[in-house]
Amino acid sequence: MPGTTTQSTPSAPVRSWWGWGWESAHPDDAECTAMGALLPGTLARPLPVPRVADLGIGAPAVQPPASLERLIGTDPARRAAHAMGKAYRDVARALRGRPGRIPDLVAFPSREREVTDLLNWAGERGVAVVPFGGGSSVVGGVEYRGDRHRAVLSLDLTRMNRVLEVDSEGRAARIQAGALGPGLENQLRPHGLTLRHFPQSFEFSTLGGWLATRAGGHYATGRTHIDDFVQSMRVVTPAGTSESWRLPASGAGPSPDRLFLGSEGALGIITEAWVRLQARPVHKASASLAFTDFGAALEAVRALAQSDLAPANCRLLDSGEAALAGAAKDGSSVLVLGFESADAPVDTRLAQAVDLARSHGGRHEPPAARGGGARGDEAVSAWRSAFLRMPYLRDGLARMGAVAETFETAATWDRVPALVEDVRRTVGEAALKISGHPATVNCRLTHVYPDGAAPYFTVLAAGRPGDEVALWDELKTVAGEVLQRHRATITHHHAVGRDHRPGYDRQRPEPFALALRAAKGALDPHGILNPGVLVD
């Protein structure tokens, strides 16, 4: 009509089916090319963004019964988006049009009874069931490999996403497993409470996924894993439903929750859990310190971890990692510190931590001396921005044919210095030998404990055109051998999935493996739950 204006409604962001996060946040061709130019041996121009239409996805190998049809989708785009996680090898395979086994069906239950019905049907028909939360797995945890099952069903739990009950007095909540991080926190906010579990994948991962993978979160000290927040869990298995009592603590035999924490859907489907909450922090303070010597920085972090200061953030970036994050440009390693509290100011604790780090050679320039705010810090801000942006940049480098991936571990303090040096040297030498070009191997500490730390490594290397996945697999095998040599865990917080099975098989005691196989046989008699994960 004349005289009227029409306002357009912004379109909702779209998740990338092949890469990390939102489609709109991915680097464009020009940014990909600029990044590739910094890494010798990459492609001259980026690989095209893959299209579902080019995958040639066929009809499902099995049809669901009429009673379950309303829960199930079979369109190619939905199936492709549930075929893999978000590891480098997943991204590289998608870019080359080789995503692996595409699930035949994708189910979206909205209540527990539907989960049970789907498992019953799948067991009767020999259909593999792969649980799927946010799909952010970086260890092959949400894809099917092999040909032992006639069909594959991806069980997406994100419609089971509600906070069902809040106990404000006991500071706990009963939450459905499919709740994504932001939705979970938004539902807790009116109660003045928070789970305060923020993995890097927070935006794209679920409570059930955190529980099934024993995810590490926001805290660098103290309550580092989701395990520490669990009061009780409810798990649907082909043999029945398990629900543990909600208790503050118990010494009644082996913990039933510990059986399912980290089980990655191989023993049952986690449908809900009671989790411990806390008041939302209102007092926060952060700072960074630079170190010329990485060994001295390690000693400073150990001293902080063994003090009673309990920083929420205590991340040490080596010189390469600090340069990538924009936290230092002079070859220094950088220690990022953060404190928070709902009850009292934390400035004194931060000052004590800074003094402790200074006593080990750390350099700290107060932000106010540079004209900054009293509570701000340029290096901290740079690290935080890079932390959130890095997965998107990794996908951009993958489009240039580069290998850009991370892996993490944990070891006791007596092994950490030699472990870090061995990984840098051995993986770097292997990359040069395999690719013919020098590689960058950086390290940061993401979580620290009184008795050890969790080193997190970044590898940047030129790929072999069309063979990037095999190159990375070779490097990951070399890295796994180094970890085993130092008795460092195959994973600190990324789970086992399928990629870490060789290392996990070596790490676990054989009597425990025997018990785990027996549990798998008892709870999943048809062998349909996430086949190939943890046990065969």
List in chain and number order the residues that pass side chain to side chain contact (heavy atoms under 4.5 Å, CB included) with Asp343, two or more places apart in sequence or in another chain; answer none if no residue qualifies.
-> Ser341
Set of residues satisfying side chain to side chain contact (heavy atoms under 4.5 Å, CB included) with respect to Val91, sequence neighbours excluded | Trp18, Leu95, Arg394, Asp395, Ala398
Residues forming a side chain to side chain contact (heavy atoms under 4.5 Å, CB included) with Ser137, sequence neighbours excluded | Val139, Val142
Side chain of Trp20, backbone of Leu393: donor and acceptor closer than 3.5 Å?
-> no
Check for a donor-acceptor pair, side chain of Glu114 on one end and backbone N or O of Ser110 on the other, with a separation under 3.5 Å.
-> yes
Decide whether Ser244 and Asp257 meet the rule of one side-chain donor and one side-chain acceptor closer than 3.5 Å.
-> yes
Distance flag, aromatic centroids of Tyr456 and His494, threshold under 6.0 Å | yes
Kindly say whether the aromatic ring centers of His492 and His447 come within a distance under 6.0 Å.
-> yes
With a 4.0 Å cut-off, would you call Arg258 and Asp227 a salt bridge?
-> yes
Can you tell me if Asp318 uses its side chain to pair, donor with acceptor, with the backbone of Cys443 under 3.5 Å?
-> yes
Any residue meeting side chain to side chain contact (heavy atoms under 4.5 Å, CB included) with Gln231, in chain and number order, not counting sequence neighbours | Ala172, Arg246, Trp274, Arg276
Taking Asp90 for the side chain and Ala87 for the main chain, is one N or O donor matched with an acceptor at less than 3.5 Å?
-> yes
Side chains of Val130 and Leu155 in contact at under 4.5 Å (non-hydrogen atoms) | no
Has the side chain of Asn530 got a donor or acceptor atom that lies under 3.5 Å from a matching backbone atom of Glu264?
-> yes
Using modelled atom types only, decide if a donor and an acceptor are shared between the side chain of Gln187 and the backbone of Gly183 within a distance under 3.5 Å.
-> yes
Determine yes or no for a side-chain-to-main-chain donor-acceptor pair under 3.5 angstrom, with Arg498 supplying the side chain and Gly140 the backbone.
-> yes
For Ser332 and Arg363, does a side-chain donor sit closer than 3.5 Å to a side-chain acceptor?
-> yes
Should the pair Trp472 and Phe407 be assigned to parallel (<30°), tilted (30 to 60°) or perpendicular (>60°) ring geometry?
-> tilted
Indicate yes or no: at least one non-hydrogen side-chain atom of Ile269 is less than 4.5 angstrom from one of Thr116.
-> no
Residues in side chain to side chain donor-acceptor pair (under 3.5 Å) contact with His360, at least two apart in sequence or another chain | none
Scan for side-chain hydrogen bond (donor to acceptor under 3.5 Å, both in side chains) pairs involving residues 176-185, sequence neighbours excluded, and state none if there are none.
-> Glu185-Thr194, Glu185-Arg280
